[in-house]
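Every chain is numbered from 1, with letters handed out A, B, ... down the list of sequences.
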Number of protein chains: 2
Amino acid sequence: MTGAQRPTLEAVARRAGVSRATVSRVVNGSTTVAEPIQEAVRQAVAELGYVPNLAARTLVTQRTDSIALVMPEEATRVFSDDQVFPGIIRGAAQELEAADKQLVLMLAGSPAGHERVARYTTGRHVDGVLFASLHGADPLPARLAALGIPVVCSGRPLDGAEVPYIDVDQVGGVTRAVRHLIDSGRRRIATIAGPQDMVAGIERLSGYRDTVAAAGLPEMVAVGDFTRESGAAAMRELLAAHPDLDAVFAASDLMAHAALRTLREAGRRVPEDVAVIGFDDIETAAYTDPPLTTVRQPIVELGRQGTRLLLRLAAGEDVEPALILPTELIIRDSA
Amino acid sequence: MTGAQRPTLEAVARRAGVSRATVSRVVNGSTTVAEPIQEAVRQAVAELGYVPNLAARTLVTQRTDSIALVMPEEATRVFSDDQVFPGIIRGAAQELEAADKQLVLMLAGSPAGHERVARYTTGRHVDGVLFASLHGADPLPARLAALGIPVVCSGRPLDGAEVPYIDVDQVGGVTRAVRHLIDSGRRRIATIAGPQDMVAGIERLSGYRDTVAAAGLPEMVAVGDFTRESGAAAMRELLAAHPDLDAVFAASDLMAHAALRTLREAGRRVPEDVAVIGFDDIETAAYTDPPLTTVRQPIVELGRQGTRLLLRLAAGEDVEPALILPTELIIRDSA
DNA sequence: TTGTATGCGTTATCAC
DNA sequence: GTGATAACGCATACAA
């Protein structure tokens, strides 16, 4: 149970017959050390199994070589079978691995969790912070930025903070989806909107509104929160209020999936009676019945690019204030 | 961009008119400090916005207050819509949040990634390591344990290492599933097995084998890797080899989902012609057509209990060598 | 090119 | 109860 005493720089130096400073140089890849000495040091390192103590290094360099990925969400929602958060995590993890940095994952659904994240990040225990999915007008990103801590948000901050952010082309994707419905002859197009305290929910709804309005069509809205349960409830609500609807755009695939089922239970055929389009293109979308037409967003890429942006910021580079990734309409059988 | 100089213990001490040691005591909740002094220190801390420097603390305490969650998987597979890994992450995150520790997430699909995890964890940059889903006979857990680093595996280590592990009752769950098929009159029961380099894949297959053998029924096996694609391929394979099969037990819901679709494409009705049972009970299982009968495993709980076990280990407690969580057969319409 | 000396911000061991 | 003071392990400015 008790680990052997861990070798330090000092031990390696003695073994190699040089000074601590020289060992440090070799370990950190300085080129100003004579080759034979480098070799001797490397051998001593190998023999002793020396591994640098990160804490000590951090203390002097002021860098932690780790970045925080903050998900201000109930853990329950972060890991539903919505693929959004896992996708972002995956993209971030890949990019950080390439940069040899650690990913510290912080869930902050509760107020206490949020406070904990605030303490940790303002305490500079990480070199940068990537926020996924902000709710409402969270002041934390701006606060961190003001402290000089590199921050990138996923989605435009709702409080108008001047924090660099990354997002997908929400409005463009929604517009293409609704236009596809219109072009295929649908005239009574409803939407199941996402939560209106999140920028993704807001923008997808306004994209719908603008497009149906531009076509002179009526607007029919029910609001959900991206989950299946909320999608089913919203679909029932829409059917009750507008029994003659002939198409539905749902702001998430999960809600679209639930709508598919709810429509069938109500005796409507998809796509004959009602066309359905979702948003996300999660893996399940290809396996629904019928397979779901949807707006694909490059979610892993979002995590990757966001992380890359953050790393550049942390490296002291100037970065663009926003980076928007394209979306794409994937046409399957539901519309 | 340049953050203000961060206040140190020294600054707080000056402000409160006491020594560094006293501030440290107050910050760390020592009770041996007079109340009025405590109050003064707390006020100085608040005024200066003091936050302890974790690196400095770690350097002296030898604790990092963070634990690593290692997923020796391709990132692609960690975050498919299989809910297993996200569920474990979620459980671990919840438990660590309660313990006020950080979660360092490490993906290690590639050999290079694996090496990186080895370096990081053997370097004692974390207080403990939780392994999810080992492939084959990975020697790393045993190596860490030998170094005295707290380790918990999710699933019995295949190399027979004496490392504490946590798992669900795989065999029990499979047995109940297959017995359910037998009890409802099925006699030609096939299985789509999971990957045979993972303990979950191995145990679910042997559970199937033992149960059909005990009932004097023939065994029909095709092997997948838990993904939908592999499930579809395996189902086709089974249909070709055993056109008269009347039931399928799939070792994951994803594979079961694909089997459902493949069976329909082959003109078989579920459950009339072929009964299907999955394993996992992911969220999608309730939304397949027909809704999937499956073996539920408490995946979030797995992450939680595993983390708890690890924290106890890290606290120097003796822990049980294995912890097995129950599984449950959820009967829906597919069988 | 290499070594010496110093400091990073804490906690812990002592005296007082 | 409180205050000096010595580690903790490393990187780096400076001297050689």
Report which part of the nucleic acid [X] touches: base, sugar-phosphate, or nothing (heavy-atom distance under 4.0 Å, all strands).
X	value
A/Leu9	sugar-phosphate
A/Val60	base
A/Ala21	base
B/Val18	sugar-phosphate
B/Leu54	nothing

Please determine, for the side chain of B/Thr32, which listed nucleotide (C/dG9, C/dT2, D/dT2) has the closest atom?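 That would be D/dT2.
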Counting only side-chain heavy atoms from C-beta out, which of C/dT2, D/dA11, C/dG9 sits nearest to A/Arg57? D/dA11
Could you say whether A/Arg25 or A/Thr8 is positioned toward the 5' end of DNA chain D, judged by the nucleotide with the nearest heavy atom to each?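 Looking at DNA chain D, the more 5' nearest nucleotide goes with A/Thr8.
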How do B/Leu59 and B/Gly17 order along DNA chain D: which one's closest nucleotide is nearer the 5' end? B/Gly17
Are A/Glu47 and A/Gln43 close enough, and set up right, to give a side-chain hydrogen bond (donor to acceptor under 3.5 Å, both in side chains), and what steps lead you there? CA-CA 6 Å; A/Glu47 287 170 5; A/Gln43 181 165 348; 3.0 Å; yes
Would you kindly give the [atom1]-to-[atom2] distance between [X] and [N], to the nearest whole Å?
X	N	atom1	atom2	answer
B/Glu10	C/dT10	CD	P	10 Å
A/Gln62	C/dG7	CD	P	15 Å
A/Asn53	C/dG9	CG	C1'	14 Å

Check whether any side-chain heavy atom of B/Val163 lies under 4.5 Å from a side-chain heavy atom of B/Val152, and answer yes or no.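 Side chain of B/Val163 against side chain of B/Val152, heavy atoms only: no contact under 4.5 Å found.
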Establish, with yes or no, whether the OP1 or OP2 oxygen of [N] is under 4.0 angstrom from a side-chain nitrogen or oxygen of [X].
X	N	result
A/Thr22	C/dT2	no
B/Ser19	D/dG3	yes
A/Asn28	D/dA11	yes

Establish, from distance only, whether the side-chain atoms of B/Asn53 and A/His125 form a donor-acceptor pair under 3.5 Å. no
Taking it one step at a time, do A/Asp127 and A/Arg63 satisfy salt bridge (Lys or Arg N to Asp or Glu O under 4.0 Å)? CA-CA 6 Å; A/Asp127 294 344; A/Arg63 287 180 306 100; 5.0 Å; no
Run the numbers on A/Phe131 and A/Leu144 for side-chain contact (heavy atoms from CB on, under 4.5 Å), then give the verdict. CA-CA 11 Å; A/Phe131 281 91; A/Leu144 288 171; 3.8 Å; yes
Go through the steps for B/Glu320 and B/Arg312 under the test side-chain contact (heavy atoms from CB on, under 4.5 Å), then give the verdict. CA-CA 10 Å; B/Glu320 51 275 28; B/Arg312 286 174 46 208; 3.4 Å; yes
Look at the side chain of A/Arg20 against the base of C/dT6 and say whether a donor-acceptor pair falls under 3.5 Å; ignore hydrogens and angles. yes
Checking B/Asp167 side chain against B/Ile324 main chain: does a donor-acceptor pair fall under 3.5 Å?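 Not confirmed, B/Asp167 side chain does not pair with B/Ile324 backbone.
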Mind grabbing the angle between the end helix axes of the helix from C/dT1-D/dA16 to C/dC16-D/dG1? Five pairs an end, 10° rounding.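 It works out to 40° between the end axes.
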